[in-house]
Amino acid sequence: MRRFLRRWLAHAQGVALVEFALVLPLLLMLFFGGFELARYILITQRVEKAGYTLADILTQTTPEAIKDPANFVAVFNQYSTIMTPYSDVTMQRIIFTSVTKHAADHNIYIDWQEAGGGTLDNADTVSIVNHKQGGDIVNGMAAPNTPAPFNAGINDLLMPGTSQLADPRAMADGENMIVTEVFFFYQPLVNRILGSIGIDIGPGTIVRRTYFHPRNGDLNQLT
């Protein structure tokens, strides 16, 4: 019996298989985690690019051209092009808002608001200008016909954590600004696999906002 036990303890067959089984979860975590991290970075970069590109396109539009709804459709369609191959209209949304500081009362008003570029309408797809979800913006207007002032908490409404628009005095009387809000719902491809080994990379909405001044005249009126 002692001889058998010594032979059994000294037996090395199957050691490599046991070691592989022990390190397999770590290997899977490194492989799939690296893959998902790279995918997340690529999507985030595309969302950031979309925000700046779409804002740049819109703010180069003339006041006359912006009144044509087809021009908005053309800008919205660029989002899918930029996000390729990650484009999915059910996962994305854009909200454009025009705000102007009125000389009469020195308050900042919403001129108009347009949402499009996708159908995403979750709790995170909310405009910080008027706190409405993309799907709640009726006919593209935040306040049809009559601009609505928002004076209280202007820093929280437009640029949280910064001083650029800490109060209405940060904008000059008559100044027009376009707020572009880009939303993309990130859904991990390997969440179930990583979850099985104790790593949870849950879905979430990537949000990027830009603040541009129009280049060819104020964009504060729509048809």
Check your understanding: Of F183, F185, Y186, which meets side chain to side chain contact (heavy atoms under 4.5 Å, CB included) against I206?
Key -> Y186
Check your understanding: Any chance the side chains of T59 and R215 put a donor and an acceptor closer than 3.5 Å?
Key -> yes
Practice item. Taking atom types as modelled, find out whether N216 and T61 have a side-chain donor-acceptor pair closer than 3.5 angstrom. Key: no
Check your understanding: With hydrophobic residues grouped by side-chain heavy-atom distances under 4.5 Å, do V89 and L54 end up in a single group?
Key -> no
Revision key, fill the gap. One should read off an interatomic distance between I82 CD1 and E48 CD, to the nearest 0.5 angstrom, of 12.5 Å
Practice item. Report yes or no: do V182 and I43 belong to one cluster of Ile/Leu/Val/Met/Phe/Trp/Tyr joined by side chain heavy-atom distances under 4.5 Å? Key: yes
Point to revise | Atom pair OG (S127) and CD1 (I110), whose distance is rounded to the nearest 0.5 Å | key: 7.0 Å
Exercise for review: Would you check if the side chain of W112 reaches a backbone N or O of L219 as a donor-acceptor pair within less than 3.5 Å?
Suggested key: yes
**Study point:** Interatomic distance, D88 atom CG to T119 atom OG1 [nearest 0.5 angstrom]
**Key:** 7.5 Å
Exercise for review: For the residue pair I66 and L58, establish whether any side-chain heavy-atom pair is separated by less than 4.5 Å.
Suggested key: yes
**Study point:** Flag, side chain of T84 to backbone of S87, donor-acceptor distance under 3.5 Å
**Key:** no
Practice item. Looking only at non-hydrogen atoms, find the nearest pair between G117 and Y79 and report the distance. Key: O-CD2, 4.0 Å
Point to revise | Contact summary for E114 and L222, nearest pair of heavy atoms | key: OE2-CD1, 3.5 Å
Review point. Is it true that F184 and V207 fall in one hydrophobic cluster, defined by side-chain heavy atoms closer than 4.5 Å?
Key: yes
Check your understanding: Which word best sums up how the rings of F96 and F72 line up, parallel for under 30°, tilted for 30 to 60°, or perpendicular for over 60°?
Key -> tilted
**Study point:** Minimum heavy-atom distance I95-T97, with the two atoms named
**Key:** CG2-OG1, 3.9 Å
Practice item. Identify the heavy atoms of I57 and Q78 that sit nearest to each other, and give their distance. Key: CD1-CG, 4.4 Å
Practice item. For P69 and K67, work out which heavy atoms get closest and say how close. Key: CD-O, 3.3 Å
Review point. Distance from M83 atom CE to L42 atom CG, nearest 0.5 Å?
Key: 10.0 Å
Practice item. Could you tell me whether the side chain of L120 reaches within less than 4.5 Å of the side chain of T90, counting heavy atoms only? Key: no
Exercise for review: For residues T180 and A55, report the shortest heavy-atom separation together with the two atoms involved.
Suggested key: OG1-CB, 3.4 Å
Review point. According to a 4.5 Å side-chain heavy-atom criterion applied to Ile, Leu, Val, Met, Phe, Trp and Tyr, with indirect links allowed, do V126 and V99 form part of one hydrophobic cluster?
Key: no
Study note, to complete from the structure: In this structure, CZ of R208 is separated from OH of Y52 (nearest 0.5 Å) by 9.5 Å
Point to revise | Residue pair Q60 / D56, side-chain donor-acceptor N/O under 3.5 Å | key: yes
Practice item. Please round to the nearest 0.5 Å and tell me the distance separating atom CG of D124 and atom CZ of R93. Key: 14.5 Å
Point to revise | Among D111, D218, N220, side-chain hydrogen bond (donor to acceptor under 3.5 Å, both in side chains) partner for S98 | key: D111
